[in-house]
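I have placed the structure first, in the form of structure tokens, so that the comments after it can refer back to it.
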Protein chains: 2
Amino acid sequence: MSISNPNKNLGEFEQLILLAILRVNNKSHGSEIADTIEQYGNRNTNFGALYTVLSRLEQKGLVVSEVGEATAKRGGRAKKYFKVTGAGEIAVKQSVNTILNMSKGLNLLLDKTMSIQ
Amino acid sequence: MSISNPNKNLGEFEQLILLAILRVNNKSHGSEIADTIEQYGNRNTNFGALYTVLSRLEQKGLVVSEVGEATAKRGGRAKKYFKVTGAGEIAVKQSVNTILNMSKGLNLLLDKTMSIQ
DNA sequence: CGCATAACTTATACATTGTATACTATATAT
DNA sequence: ATATATAGTATACAATGTATAAGTTATGCG
């Protein structure tokens, strides 16, 4: 067996955030990302946690951000839009495929009609 | 949006370890688990890291261990066998299904012939 | 006007999980 | 008897996850 891991792994919440951004057409701001994770990921999120991880993903070059204009809505501070970079897409693909590969054949699906394809 | 997360999440390495134990017919010792993660998970492992996480999983009640007899092989200290508990199986199912649900339709598969079913 | 309120983001702190190095224990081969 | 292989433990530190509180900007409404 080898000694060290050459791949840089994503944590689970990092994966979910990257997947959520891709789901929202890859130009997503905080509350869209949170809503998407809640809807598809079946778990709650916390804005503080979310933005913390987003800024770490940006430091690692897996997402980029761009500040837009303020909304016309009451409140409406300028939104920060996030996109997954090429490196981010590769990273999330590898993570998802690793889990799938390990899961294959183990009959773990809760929704038996589900398939990733 | 809600404020806190009621589900206890698994980390990615925890997931891989649980999946590896299930793969090895659910009575697995350290080096089998490591080998399985290397083979299916496409990444290296480190024994120190592995045993640390195994003992945390045991503390959380997601695996149980049992010490067997020493091997007849050169060396062969008594092996510690791990099994995934019911709670462990539920936890890993939820984690895997969350990732799948978030990934569905995003065309992230590297091996296009792969499906979890 | 000006102040309460809503939408969004940032700062900060701490808990949990991931990883590596070094060490202990046991048995076999030479 | 002692070097070596197998298997696991102890420990320390880095990376990731999470929550609370605070800051920024605009709108609505008295």
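None of the values given here were measured: they were computed from a predicted structure.
Checking C:dG18, C:dT10, D:dA7 against every side-chain atom of A:K80, the shortest atom distance belongs to C:dT10. Looking at the side chain of B:T52, the nearest of the listed nucleotides D:dG17, D:dT9, C:dA20 is C:dA20. Between D:dT18, D:dT11, C:dG18, one nucleotide has an atom nearer to the side chain of B:V53 than all others, and that is C:dG18. For A:S31, taking side-chain heavy atoms from C-beta onward, the closest of the listed nucleotides C:dT26, C:dC8, D:dG17 is C:dC8.
Nearest-nucleotide assignment on DNA chain D puts the 5′-proximal partner with B:G48, out of A:E14 and B:G48. Residue whose closest nucleotide on DNA chain C sits further toward the 5' end, between A:Y81 and A:R56: A:Y81.
Across all strands shown, B:S55 has no heavy atoms under 4.0 Å from either base or sugar-phosphate atoms. A:G30 comes within 4.0 angstrom of the backbone, heavy atoms only, and of no base. Among the heavy atoms of the strands lying under 4.0 Å from B:Y51 is at least one base atom, whether or not backbone atoms are also near.
Following rounding to the nearest Å, A:Q15 (CD) and D:dA15 (P) show an atom-to-atom distance of 18 Å. Note: CZ (A:F47) to C1' (C:dT12) measures 19 Å, nearest angstrom. Separating the CD atom of B:E12 from the C1' atom of D:dG17 is a distance of 14 Å, rounded to the nearest angstrom. Atom NZ in A:K79 sits about 9 Å away from atom C1' in C:dC8, given to the nearest Å. Atom-to-atom, CD1 of A:I33 to P of C:dC8 comes out at 12 Å; the value is rounded to the nearest Å. One interatomic measurement links the two molecules: NZ of B:K60 to P of C:dA15, which rounds to 16 Å at whole-angstrom precision. Here the C1' atom of nucleotide C:dT10 and the CG atom of A:L57 are 16 Å apart, to the nearest Å. Across the protein-nucleic acid pair, A:I17 atom CD1 and D:dT16 atom P stand 12 Å apart, rounded to whole Å.
Summarising the geometry of A:V84 relative to A:L18, their closest heavy-atom pair is CG2-O, 3.8 Å, with the distance given to 0.1 Å.
Put simply, A:R43 has no side-chain N or O that comes within less than 4.0 Å of OP1 or OP2 on D:dG17. Note on B:N44: every side-chain N or O is 4.0 Å or more away from OP1 and OP2 of C:dT19. For the OP1/OP2 pair of C:dT16 and a distance below 4.0 Å, the side-chain nitrogens and oxygens of B:N9 include no atom meeting the criterion.
Panel note: side chain B:E38, backbone B:T45; a donor-acceptor pair is recorded below 3.5 Å. Looking only at distances, a side-chain donor or acceptor of B:N97 sits under 3.5 Å from a matching main-chain atom of A:L108.
Within the model, atoms CG of A:N42 and CD of B:Q94 stand 7.5 Å from one another, a figure rounded to the nearest 0.5 Å.
Looking only at side-chain heavy atoms (C-beta outward), A:I33 and A:L54 come within less than 4.5 Å of each other.
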